[in-house]
Structures are given as structure tokens and as C-alpha cells.
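Read through the structure below, which is laid out as C-alpha cells, and then see the notes.
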Protein chains: 4
Amino acid sequence: MKSPLNTTPPLPRARQSREERRQQILDATLRCVRRSGFHGASMADIAAEAKMSVGVIYRYFANKEAIIEAIVASDLAEMRAKFAEWDETPDDQLLDTLLNTIDFALDHKYGPDKSALALEVLAEAARNPRVAAIVQAADVQERELGRSLCDRLNPGCDRRRLDARGEIISMLFDGMMIRAITHPDIDREALANDLREVMQVLFIIK
Amino acid sequence: MKSPLNTTPPLPRARQSREERRQQILDATLRCVRRSGFHGASMADIAAEAKMSVGVIYRYFANKEAIIEAIVASDLAEMRAKFAEWDETPDDQLLDTLLNTIDFALDHKYGPDKSALALEVLAEAARNPRVAAIVQAADVQERELGRSLCDRLNPGCDRRRLDARGEIISMLFDGMMIRAITHPDIDREALANDLREVMQVLFIIK
Amino acid sequence: MKSPLNTTPPLPRARQSREERRQQILDATLRCVRRSGFHGASMADIAAEAKMSVGVIYRYFANKEAIIEAIVASDLAEMRAKFAEWDETPDDQLLDTLLNTIDFALDHKYGPDKSALALEVLAEAARNPRVAAIVQAADVQERELGRSLCDRLNPGCDRRRLDARGEIISMLFDGMMIRAITHPDIDREALANDLREVMQVLFIIK
Amino acid sequence: MKSPLNTTPPLPRARQSREERRQQILDATLRCVRRSGFHGASMADIAAEAKMSVGVIYRYFANKEAIIEAIVASDLAEMRAKFAEWDETPDDQLLDTLLNTIDFALDHKYGPDKSALALEVLAEAARNPRVAAIVQAADVQERELGRSLCDRLNPGCDRRRLDARGEIISMLFDGMMIRAITHPDIDREALANDLREVMQVLFIIK
DNA sequence: AATGAATGAGGTTTCATTCAT
DNA sequence: CATGAATGAAACCTCATTCAT
């Protein structure tokens, strides 16, 4: 012990922890990316937004791509959290819980920022294999979780049909993000009503 | 004044019309954008791909943004052509025709390039108001066409419900483009079967 | 024919040929490198020295390394030219010609710039495998030429000894470049006299 | 005197003396410079190699240049030690001792790292007057020592000739460092044999 | 009209140096 | 004294756009 008198942590620890600093950079990047896209957001922009110097960012991320990957990963983690929540719902409340998610999903996906980021990520994934790998790995997990939900709603159902139905449900939710761009001012109430009806049909196979 | 007085054409007249030239540039850009995205495609790339000099491109488009806008517009025009086709289908064949579109749609949307471009466009639209305007204007038209189709399948149905249902159908087709990225290797046959069932339900309200 | 009246070459050809432009860049780089070394010479410095913009340099060289390699290559080409000259000297004048080279070599190697560049190249070669390859490939040729000269002076001599002697002679001439740095103000006259004596011994084996 | 009043040593006293610390830094720098050259070795690299923080290095050296200068000086000191050794050799063993040095010199100069560093230093000296001054001051001393050796081998010889011969011998040894780069895979045995013969001639004037 | 060489601002990244802790 | 996070200038390189030919 260099100084046993010192009660504060031996390593003087920065004002902010390494993790906080990383998050600060990710938050700033998020704002920039929403404003200008991955390629439009320059490191200088990000640094300014995070109120840091350009150089310091490189102490926390190897390069710009690493920041992007971190954003993608954290964006996907959010969705996984949602699934975890459903996983703990009792069987008899599951269908209702899922149907009630519709309103939440609509608000979420039609939020202007949320979908913009997701589309940015997807466009990037369409070309950047590393991003594609992250996105697809996350989807594998989501499908697994989704399948177990579907299984509980349709006990004994053929797995092939289960998967196909899961895929269709995913299309619907993913499609919302595109509709949020192409038709931002829908009649959300009418849509919610109809969606609930349709979803009920989709969740119960046959 | 180009020189309307000049009756004899001393200049051997452009081998290609202005419109052909524009299209040639757009085609080249499309190939570049699919390969590297809007920002990854440089004017030099485009010029090389179009077998022109960079300078000449600026005689046909004010700047790179203008080319992008033109591409977006032409991409959307393609979809309008599809609707026009359906518009001419007799009532008694309409549902079948639409259901048969599913296979075509799957092949189309799950094609690697197609969705990449669309997502590129949508991500751009999420930020660039001019692109957003183009995309949304196209969607207004598509919805109009879609509504008339839906109306023929569900005579006398409330317009609000019609629109909501149209929205949901759009979500499904749009969602395919995202699924093409996140889950490119689906069991397309099982999916097509299930989709046909689901679509039948979606097309017929109530 | 775009303009049959135009007697000048059909391609309007830049004011300077591509080759001239390349040389202009190499010359500017040479001045910068002598002043500040390979790493000290920035692309901006080179551009300023060549009275060009930074960007144009990249139309002629892929990157800074390529410029360096070109400099290295041209530096080595110079030496090869010297050998070619000796190759055409008749047998009975060869020894005298070589001995007379000593004065030229001293002036050349002790010139302030010449050795600086060579050492820069060698230091780079000591670490950069691509540069090392260029330098060593050139040396293979030089040795071949040197061996044929040595062979003419020592007919029937064992090749192994021939090569060793050639190596020693190379050491002497290469060593001059280092001496030019560590002891720039030698008594060049006394040195030339002694060198002539020594060389005579070196050229004639045994 | 850090604190002569303080009889009890509350601060555990630096484990290493200031000089040891300096040497530690120089050693680390040496390893880094051999690996990547003066410009390639970053302060962070050096700190990591020396297992210190960057900050502490600045307590021992004003800046990076000062470290380099210290390295250059220490590199030259090594050679001086060699001369001192010879200085103590009795006259009747001197020539043999010197000739036996050849094998050592070959191993030393053809070592990959050694010459790389020396060339790095020389290239730097060719541009940086401060480094040039250090290198040249060291050479003055080496020449003095060399002259006294030559004098013992050639008693009563004219100083001008002595110096010239010394210069030529220096060229040979310095040249080895360049040959080590341009022709690293020589037939070292044949070379050693021939060198011994040649050296014998060089050491004895006339 | 067409060319493609030239421009130079702006992109990402590195690194010597400082200084609060 | 030691630390290592922070700074920000400067490095290399790219590219949309212009313009002399």
C-alpha cells in the first residue's frame, strides 16, 4: 500500500468511471447519428457534442467503427430486455400482455428518432459485414425467445410453422419502422385497433 | 439559344438523347450505391461505371444529391408500376393475383441488393427532408392505389378501417426488407405458405 | 473527329506530361526529405515545395510510401548507370578508369545531400521490408556487375574470393557515406592518395 | 539532499537511483527504436516498455528529443569502450588483437538491430545539427584513439598519412553496417578470411 | 460539349506533452 | 513524486466540384 492513510480508493479514479465515459461518447454519437447518419457524423461532431476533445474518444474506442458497433449492440440489447420481460409473464396473461404491447410498440417505433437510428443500422448492416454479423446474431437470439413465446401460445405446434409465423410477426413490427418514415402521420388509433385484431389471429396459429 | 437558326446540323447530334444519358448515369449510380452506399459511392466511381468523365455528369445533374434524389424517385416509380398492373386485373381474379404476388415479393425483397438500396433510401429519408418529401409523396400515391384495391376486395367497408388494414399490409411488405437483412436465410417455402394464409385474412376485413 | 481543325494532339494533353509531373513531385519530395527526412517531410510540405495542392499528388502516387519507393528506386538507378559505363571500358583501361573514379566518388559521397538521402533510405530499409526489398534487389544487380568487373581484373579467380573482395570494396564506398556525416571535413587530398593505393591492392586479388 | 532534516525515512526512498531510472528509460527506448525507429516509437510505447507512466519519463528527460540524444551518446560510448580495451594491449599483441576483432565486428555489425539503430542515428545526424554535433564529437575522440593505435603499429609515420589510413579503416567498419542492410546474407566466412588479409595491409602503411 | 487535372476543405487517426488528482 | 486522462495540432488521405483546354 503506497499510503495506508488514504481511505479513498487507491487508484485515484477519474471523476467519471471508464464506463460512464464510454456511455457519454455513445450518447453523443447517438445524437449526431440521428442528426446526420453514421457517415455524416464526423468525429469532430461527436467530440463537440460530447464536449470532449477528438483525441480522448480514441482512448475509449479503437475507431469510429467500434463506436458504431457499440451503438448497434446497445440498440439491440434494448429489444432483448423486452423479451426477457415477456418470458416471465404467466401463461394465462401472455396473450393479453403481448396484445397490450401494441400501443407501446406503435409509440416506440413511430417515434422519430428511434426508427431513424434503426434504419441507419440496417442500411449499414446491408453493406458492412461486421455490423451485419452483430445484427444477425442478435436476431438469432430474438427468434429463439420469440419461438418460446409462440410455443407457449400454441402448444405442440410444428416448429416449421412456428418459425414462419414468428417471421411474419417480426415483419409487422419491423415494418412499422419503415412506415414511420414513409407515413409518419397515420391514424394511430384506428391502426392500433386493427392491429390488435390482426395480431390475435397471428399469435394463434390455424 | 442553342441556334434554332441553324438548319443544317453541323454538330453530329448527340448519339444519345439527354434522357438516355441521364438514365445511363442513374443506372451507373445504382450499381455503385448498391456496392458501397450513397456515401461510399464517389463521383469518380460513378463516372467510371458510367464510362463518362466526371465533368459530364454535372451537365445532367446539379450535384450528387440531385442524382440521389433521382434514384429515390425512380426506385419508387417501380412500385407504382406494380400497382398499375393490379388496377387492371378483373375483380374475380384480384385476390388470387395479389396472393400470387407473394412469391414474387419474397424473391424481390430478399434479393440482397434491392433491400440494401431501399434501406439506404429510407435512412436518408429519416434525415434529409427533401428525400423524405419524395418518399412520402410516393407513399401517398401508393396508399391511394392500395385503398382502391382494398375497396374492391371489401366493398362498402369503412374508409378508416380500410386505411388501417392497408397500413398493416404495407408493414408486412416493408418489413420483408428488414428481415432480408436480419435473417437472410429463412425457410422461404414455409414462409410463403404461411404468408398466403395470413394475407388472405388480411385482405378480407372482418 | 471532335475538331478536325485542331492540329495539336487530339487529347489536349496537360501542360506537362504525366511523367514530368511525377518527376516534379519526386524532385520536391527529394528536397523535403533531405531537409527533414522521410517522416519529417509531410505531404503538405511536399505539395508546397512542388507548388501543387495536396490532392494532386495522389493522382500520381498511391500514397506517401509509393513516393518514397520511387525515390529509392531512382536513387539506385543512378548507381547502375555508373556500372554500365564501366562495363563498356576496354580491359586495358579498366583499372585506371576505376581508380580515377575515386575522386568522383569522394566528391559525390561527401556531398552533404547525397549521403543524407542514402542514409535515410537505408534507415528506412532497416525497418520497412518493402524498401528493404527494393534496396536489396538493386544490390543483387550491382554485385553482378561488380563481379564481372572484378573478373576482368582477376581472370580465373575463384568466385568465392571474388565475391568477398567485391563486398569489401562495397564497404569502402558505402562507408564513405557514413564518414561524410561523422567526419565531413576530412583532408580529401591525402585521403584520395591513400585510397588510390589501397584500391589498387583491393582490385588485384592476392 | 532530499530532506536531511528528516531522520526517519517515512517515504520508502526511491527503490532506484535517478541514474538507474534514466537507464531504464533509455533501455526501453532502445528496444522501441530498434523495433520501429525514432519516429515510430511513441512515448506511450516507451512508457509501456519501461513499465512506467508517460508522465514520469518527463521527469527524467525534457522531451523525446532529449531521450534520442542520450541514446545516441550511449551508443557512441560503447565504441569508445572498445578502443580503451585496445589501448591497454601490449605492442606485440596489438596487430593480432585488432585482426581478431574482425570476427567480432562482423557479428556485431551484421546483427539486424545494431546497424538499424546506427543508421537511424546517422540519418538523424544528417539533418539534426544537435545530433550531428554529438556524433561528430564522438568521432573526434575515436579518431584520436585510432590514431594512437595506428601510430603504435607504424612508428614515426607521417600524421597526414596516418589519418588518411585511419579514415579508410573507419570506412570499412562503417561500411559493414550498410552492407548489413543491402546484403544481409553474405558468405561471412569467406568475407572474414579476405578481410583479415586486407586489414593486415591496411594496418601497416606502405 | 466533353474532358479529367486540379483544388482544398474536411475526414479519421496519432501522439508529444501537460496537469489535476 | 507518480499517474494516465486529456488536449489539440498535425499527419495522411479522399472527394465533390470547378474550369482550362
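Numbers restart at 1 for each chain; the letters A, B, ... are given by sequence-line order, proteins then strands.
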## Note on the structure
Sorted by chain and number, sequence neighbours left out, side-chain contact (heavy atoms from CB on, under 4.5 Å) with D/Ser53 holds for D/Val56

### Message
Quick check: on DNA chain F, is the nucleotide nearest C/Phe38 upstream (toward 5') of the one nearest B/Ala44, or the reverse? Name the residue that is more 5'.
### Response
C/Phe38

### Partner set under side-chain hydrogen bond (donor to acceptor under 3.5 Å, both in side chains) for C/Asn63, not counting sequence neighbours
none

### Message
Below 4.0 angstrom, which residues in residues 22-37 of chain D have at least one non-hydrogen atom near DNA chain F?
### Response
none

Could you list the donor-acceptor pairs under 3.5 angstrom formed between side-chain atoms of residues 30-39 of chain A and any protein atom two or more places apart in sequence or on another chain?
from	atom 1	to	atom 2	distance (Å)
A/Arg31	NE	A/Glu49	OE2	2.6
A/Arg35	NH2	A/Glu49	OE1	2.6
A/Ser36	OG	A/Cys32	O	3.2

### Task
State which residues pass side-chain contact (heavy atoms from CB on, under 4.5 Å) with A/Ala116; sequence neighbours excluded, sorted by chain then number.
B/Ala126

### Query
Among residues 45-64 of chain B, which contact DNA chain F at a heavy-atom distance under 4.0 Å?
B/Tyr58, B/Asn63, B/Lys64

#### Entry: Summary of ring-ring contact (aromatic ring centres under 6.0 Å, His included) pairs that have at least one residue in residues 47-71 of chain D, sequence neighbours excluded
none

### Message
Please tell me if D/Arg21 has a side-chain N or O lying less than 4.0 Å from either OP1 or OP2 of F/dC1.
### Response
no

### Query
Could you give the distance from CD (C/Gln24) to OG1 (C/Thr29), rounded to the nearest 0.5 Å?
10.5 Å

### Task
Could you list the residues that satisfy side-chain hydrogen bond (donor to acceptor under 3.5 Å, both in side chains) with C/Ser74, not counting sequence neighbours?
none

### Task
Report the residues that fulfil side-chain hydrogen bond (donor to acceptor under 3.5 Å, both in side chains) with B/Asp27, sequence neighbours left out, ordered by chain and then residue number.
B/Gln23

### Task
Taking salt bridge (Lys or Arg N to Asp or Glu O under 4.0 Å) as the test, write out the residues that go with A/Asp75, two or more places apart.
A/Lys114

### Any residue meeting side-chain hydrogen bond (donor to acceptor under 3.5 Å, both in side chains) with D/Asn128, in chain and number order, not counting sequence neighbours
D/Glu65, D/Glu124

### Task
Hunt down any stem DNA chain F takes part in, defined as 3 or more consecutive Watson-Crick or G-U pairs whose two distances are each under 3.5 Å.
E:2-21 with F:2-21

### Query
Looking across every strand, which nucleic acid part, if any, lies under 4.0 Å from C/Met43 by heavy atom: base, sugar-phosphate, or nothing?
sugar-phosphate

